[in-house]
Amino acid sequence: MPQMDAKQAEKISKALSDPTRLKILSEIQKKHDWLYCVDLYDNINLAQPSICHHLKQLTETSIILPEKEGRNIKYTMNNAVIDDFIGFLEGLKK
């Protein structure tokens with residue numbers, strides 16, 4: 001299993017440094033499966049373009065995975081990437 005490199009860990013750290021993105025991840029985690037983009041508009045008090053920007057930042061780091069379903073996009077957590085990121089951080093303390 002390849003370990004995460006410092007560049008990818010840096011991108012993830014930057015993506016996680018925004019409170020709105022953390023709230024988005026929290027909303028996805030609450031669903032335990034998939035969260036539709038439209039559900040985020042109901043739970044996060046931001047305009048659609050702002051939410052789309054935050055979702056793009058999270059999908060570019062592969063923390064969340066998008067899947068198109070008809071006219072909607074749904075998102076799920078990518079636990080493998082999150083585990084790799086946690087492993088990278090744990091490797092720093094050794």
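No hydrogens, no waters, no symmetry mates; every other heavy atom, side chains included, goes into these values.
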Q. Crowded around Lys11 NZ? As in, over 12 foreign heavy atoms under 6.0 Å?
A.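 No.
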Q | More than 12 heavy atoms of other groups within 6.0 Å of Asp5 CG | A |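 Yes, enclosed.
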Are [X] and [Y] side-chain neighbours, meaning at least one heavy-atom pair lies under 4.5 Å?
X: Leu35; Y: Lys74; answer: no
X: Gln8; Y: Ile12; answer: yes
X: Phe85; Y: Leu16; answer: yes
X: Glu27; Y: Leu40; answer: yes
X: Met4; Y: Val81; answer: yes

Q) Is it true that a side-chain atom of Thr76 and a backbone atom of Trp34 form a donor plus acceptor pair closer than 3.5 Å? A)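 Pair absent, no side-chain N/O of Thr76 close to backbone of Trp34.
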**Q.** Heavy-atom donor-acceptor pair, Ser13 side chain to Ala9 backbone, under 3.5 Å
**A.**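 Looks like yes, one N/O pair under 3.5 Å.
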Q: Give the C-alpha distance, both sets of side-chain angles, the deciding distance and a yes or no for side-chain contact (heavy atoms from CB on, under 4.5 Å) between Met77 and Ile64.
A: CA-CA 4 Å; Met77 300 287 277; Ile64 61 174; 4.2 Å; yes
Cluster check [X], [Y]: I/L/V/M/F/W/Y, side chain < 4.5 angstrom:
X: Leu55; Y: Leu46; result: yes
X: Leu89; Y: Leu22; result: yes
X: Ile44; Y: Ile28; result: yes

For [X] versus [Y], what's the shortest heavy-atom pair and its separation?
X: Ala15; Y: Arg21; value: O-CD, 3.0 Å
X: Tyr75; Y: Thr59; value: CE2-CG2, 3.7 Å
X: His54; Y: Ile24; value: CB-CD1, 3.6 Å
X: Tyr41; Y: Cys52; value: OH-SG, 3.9 Å
X: Asp39; Y: Asn43; value: O-ND2, 3.1 Å

**Q.** Audit row: Glu60, Lys56, salt bridge (charged side-chain N to carboxylate O under 4.0 Å, His left out) steps and yes/no
**A.** CA-CA 6 Å; Glu60 285 179 349; Lys56 181 181 178 196; 3.7 Å; yes
(Q) Within this structure, what is the CG-CG distance for the pair Asp83 and Asn78, rounded to the nearest 0.5 Å? (A)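 Here the rounded value is 9.0 Å.
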Q. Rounded to the nearest 0.5 Å, what separation is found between the CG atom of Asn45 and the CD1 atom of Ile51?
A.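 The CG atom of Asn45 sits 8.5 Å away from the CD1 atom of Ile51.
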